[in-house]
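Remarks on the structure that follows.
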Amino acid sequence: ETGVTQTPRHLVMGMTNKKSLKCEQHLGHNAMYWYKQSAKKPLELMFVYSLEERVENNSVPSRFSPECPNSSHLFLHLHTLQPEDSALYLCASSQEPGSYTPQHFGDGTRLSIL
Amino acid sequence: EDQVTQSPEALRLQEGESSSLNCSYTVSGLRGLFWYRQDPGKGPEFLFTLYSAGEEKEKERLKATLTKKESFLHITAPKPEDSATYLCAVYNTDKLIFGTGTRLQVFP
């Protein structure tokens with residue numbers, strides 16, 4: 001596999017469920033990102049990891065919990081979500097944060113909260 | 001405040017009808033401007049990087065240009081397969097800031 005892959009592609013969950021989103025990059029990059037994309041709004045940066053260390057947390061509610069076990073894998077653990085959390089969640093990777101090189105995106109997980 | 005504004009919000013073109021998309025930006029220190037294409041149900045696909053005013057990049061029917069305040073994505077003789085949302089993003093000192101995109105539809 002090449003590029004950035006995300007699973008699952010679609011997820012429907014209730015407000016009391018716990019689920020996880022997974023991202024894997026095959027580009028040899030050192031930085032990984034989580035973004036939220038809602039209709040009519042710009043992509044919102046949620047978290048940034050560099051070499052498995054979190055370097056950015058953009059005032060994201062604690063019901064979103066990221067995990068980066070190594071430089072190729074990134075998870076987003078979800079619990080007690082709200083209806084306004086329904087969105088497309090995108091993972092991206094780049095060479096280094098702050099290297100001003102392109103970020104490469106996966107195809108996202110479409111999340112629906114009932 | 002660092003900001004990226006794209007216009008128009010939506011654009012409908014006849015096949016072969018050339019046009020341009022605009023991305024204007026205000027950032028404290030531009031470190032690069034990026035164009036992405038996003039198809040429905042997919043993630044953004046990287047197209048171009050521009051780093052300095054006057055720079056131009058081309059790929060098939062697309063040409064991106066950069067000034068000190070804005071970037072244009074010129075589409076020459078578009079085809080229906082060029083239909084997508086085109087996103088512009090700029091790096092300020094440490095973050096990639098996105099616009100809301102231009103949704104392009106090209107009709108045969």
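From a predicted model like this one, the values you see are computed outputs, not experimental measurements. Proteins come first, then strands; the chains are lettered A, B, ... in the order of their sequence lines, and each starts at number 1.
Ring centers of B/Phe34 and B/Tyr91: under 6.0 Å apart, within the cut-off.
Looking only at heavy-atom pairs under 4.5 Å with chain A, the residue among B/Gly101, B/Gly32, B/Pro44, B/Gly41 that has the most is B/Pro44. In terms of heavy-atom pairs under 4.5 angstrom with chain B, the leader among A/Pro102, A/Pro42, A/Gly108, A/Gly106 is A/Pro102.
By the 4.0 Å N-to-carboxylate-O rule, A/Asp85 lies close enough to A/Arg63 to be salt-bridged with it. Of the charged side-chain nitrogens involved, none lies within less than 4.0 Å of a carboxylate oxygen, so that B/Glu9 and B/Arg103 do not count as a salt-bridged pair.
Contacts between B/Tyr36 and chain A at a heavy-atom distance below 4.5 Å involve the side chain alone, from C-beta outward. Contact of A/Lys41 with chain B is made through the backbone alone, with heavy-atom distances under 4.5 Å. Heavy atoms closer than 4.5 Å to chain B are found in the side chain of A/Leu45, but not in its backbone. The parts of A/Gln103 that come within reach of chain B are both its backbone and its side chain, each placing non-hydrogen atoms under 4.5 angstrom from that chain. If you measure heavy-atom distances from B/Leu87 to chain A, the contacts under 4.5 Å come from the side chain alone. Heavy-atom distances place no part of B/Glu45 under 4.5 Å from chain A, backbone and side chain included. Contact of B/Gln6 with chain A is not made at all, since no heavy-atom distance falls under 4.5 Å.
Taking non-hydrogen atoms and a 4.5 Å limit, the residue list of residues 12-20 of chain A in contact with chain B is empty.
Under a 3.5 Å cut-off, the side chain of A/Glu44 and the backbone N or O of A/Tyr35 do not form any donor-acceptor pair.
The side-chain contact (heavy atoms from CB on, under 4.5 Å) with A/Leu76 is formed by just one residue from the set A/Lys36, A/Met46, A/Gln6, A/Lys22; it is A/Met46. A side-chain contact (heavy atoms from CB on, under 4.5 Å) with B/Phe107 is found for exactly one of B/Arg12, B/Glu15, B/Glu17, namely B/Arg12.
Under 3.5 Å, the side chains of A/Gln37 and B/Gln38 contain a donor-acceptor pair of N or O atoms. Using a 3.5 Å distance cut-off with no hydrogens or angles, the side chains of A/Asn70 and A/Glu52 do not pair a donor with an acceptor. Side-chain polar atoms of A/Ser93 and A/His29 form a donor-acceptor pair below 3.5 angstrom.
No chain of hydrophobic side-chain contacts below 4.5 Å, direct or via other Ile, Leu, Val, Met, Phe, Trp or Tyr residues, connects A/Leu88 to A/Phe64.
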